[in-house]
Amino acid sequence: VLSIRGAQEEEPPDAQLMRLDNMLLAEGVSGPEKGGGSAAAAAAAAAAGGGGAGADNSAEHSDYRAKLSQIRQIYHTELEKYEQACNEFTTHVMNLLREQSRTRPISPKEIERMVGIIHRKFSSIQMQLKQSTCEAVMILRSRFLDARRKRRNFNKQATEILNEYFYSHLSNPYPSEEAKEELAKKCSITVSQVSNWFGNKRIRYKKNIGKFQEEANMYAARTAVNAANVSSHGSQANSPATPNSAASLSASVG
DNA sequence: GGCAATGATTGAAA
DNA sequence: TTTCAATCATTGCC
């Protein structure tokens, strides 16, 4: 009675095992040879491709699949090994008991108990295997999904647009949500990429203003030239920009 | 291969 | 929630 109660109180006995099994099945590690795995990989690839380009997605996808199938292979050979070892050990113990039965009476219940103990031992080992396999898959997935690993530099035009905004708003380089959306559209990047860029730019500029001085001068001059061109073309009527600031900027520079 | 530049992430602070 | 500051991971130049 004690042992039964103990077993029941030891949390759910195989709830964790079921969780592991479900996960391995979902990831395509323990399922049928092909199909489930590629589905999971495709889902992961789709999740990873949210950012931007995604043209070289198939290469990464196949890389992910290759690594997953490696994990899968190791998992299966290990599992098979344990099963074989379990069977061998069980028959070995059975033989011993059979031999012992010549010298002492051995009840079927005792044999059953022995087999149960052996199976429990081996299934706990299998559980460890499943757990470490799950961990390996999780690590693989997190690496695959980590956007830092497939970072691409923005193209020159995008960087120029962002820098232009930054240096022409140097006193308050915090674009509004609308401004971010517009910049994102112009640069063909996402709004969060714009936010990241400004976050990085602000902190790096602040940390080393001297290093960015040349760049700042260049963009200030360019902005001034643009402002001068706009005013010389007499397009004040359809220009929503504040004429005061533009005028003062162009006056002070040129 | 070493190194600086750069985009992304993370946790704390505002 | 947004921003800051530190850090990670990759890119690209030498």
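Here is the naming used below: chain letters follow the sequence lines, and residue numbers restart at 1 for every chain.
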Exercise for review: Apply side chain to side chain donor-acceptor pair (under 3.5 Å) to Arg19(A) and Asn22(A), showing your working.
Suggested key: CA-CA 5 Å; Arg19(A) 256 211 327 272; Asn22(A) 284 341; over 6 Å; no
Could you check how far [atom1] of [X] sits from [atom2] of [N], rounded to whole Å?
X         : N      : atom1 : atom2 : result
Arg202(A) : dA6(C) : CZ    : P     : 15 Å
Asn208(A) : dA5(C) : CG    : C1'   : 15 Å
Phe166(A) : dT3(C) : CZ    : C1'   : 13 Å

Exercise for review: Could you identify which residues cluster with Leu162(A), counting Ile, Leu, Val, Met, Phe, Trp and Tyr as linked when any side-chain heavy atoms lie under 4.5 Å apart, either directly or through a chain of such contacts?
Suggested key: Phe154(A), Ile161(A), Tyr165(A), Phe166(A), Tyr167(A), Leu170(A), Leu183(A), Ile189(A), Val194(A), Trp197(A), Phe198(A), Tyr205(A), Ile209(A), Phe212(A), Met218(A), Tyr219(A)
Revision key, fill the gap. Counting primed atoms, P, OP1 and OP2 as sugar-phosphate and everything else as base, the B/S/- map of nucleotides 4-14 of chain B against protein heavy atoms under 4.0 Å is -BBBBB-----
Review point. Taking His76(A) for the side chain and Arg72(A) for the main chain, is one N or O donor matched with an acceptor at less than 3.5 Å?
Key: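 Between the backbone of Arg72(A) and the side chain of His76(A) there is a qualifying donor-acceptor contact (under 3.5 Å).
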Point to revise | Polar side-chain atom of Arg202(A) near backbone of Pro173(A) as donor-acceptor pair, under 3.5 Å | key: yes
**Study point:** Comparing Glu177(A) and Ile203(A) on DNA chain C - which has the more 5′ nearest nucleotide
**Key:** Glu177(A)
Practice item. Report the residue (Lys207(A) or Pro175(A)) whose heavy-atom-nearest nucleotide on DNA chain C is the more 5′ of the two. Key: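 Residue closer to the 5' terminus by nearest nucleotide: Pro175(A).
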Review point. Within the structure, does a side-chain N or O atom of Tyr174(A) lie under 4.0 Å from either OP1 or OP2 of dC4(C)?
Key: yes
Review point. Is the shortest distance from a Lys or Arg side-chain nitrogen in Arg113(A) or Glu110(A) to a carboxylate oxygen in the other one below 4.0 Å?
Key: no
Practice item. Check whether more than 12 heavy atoms from other residues, nucleotides or ligands sit under 6.0 Å from atom CD of Gln213(A), and answer yes or no. Key: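 Above 12, so yes.
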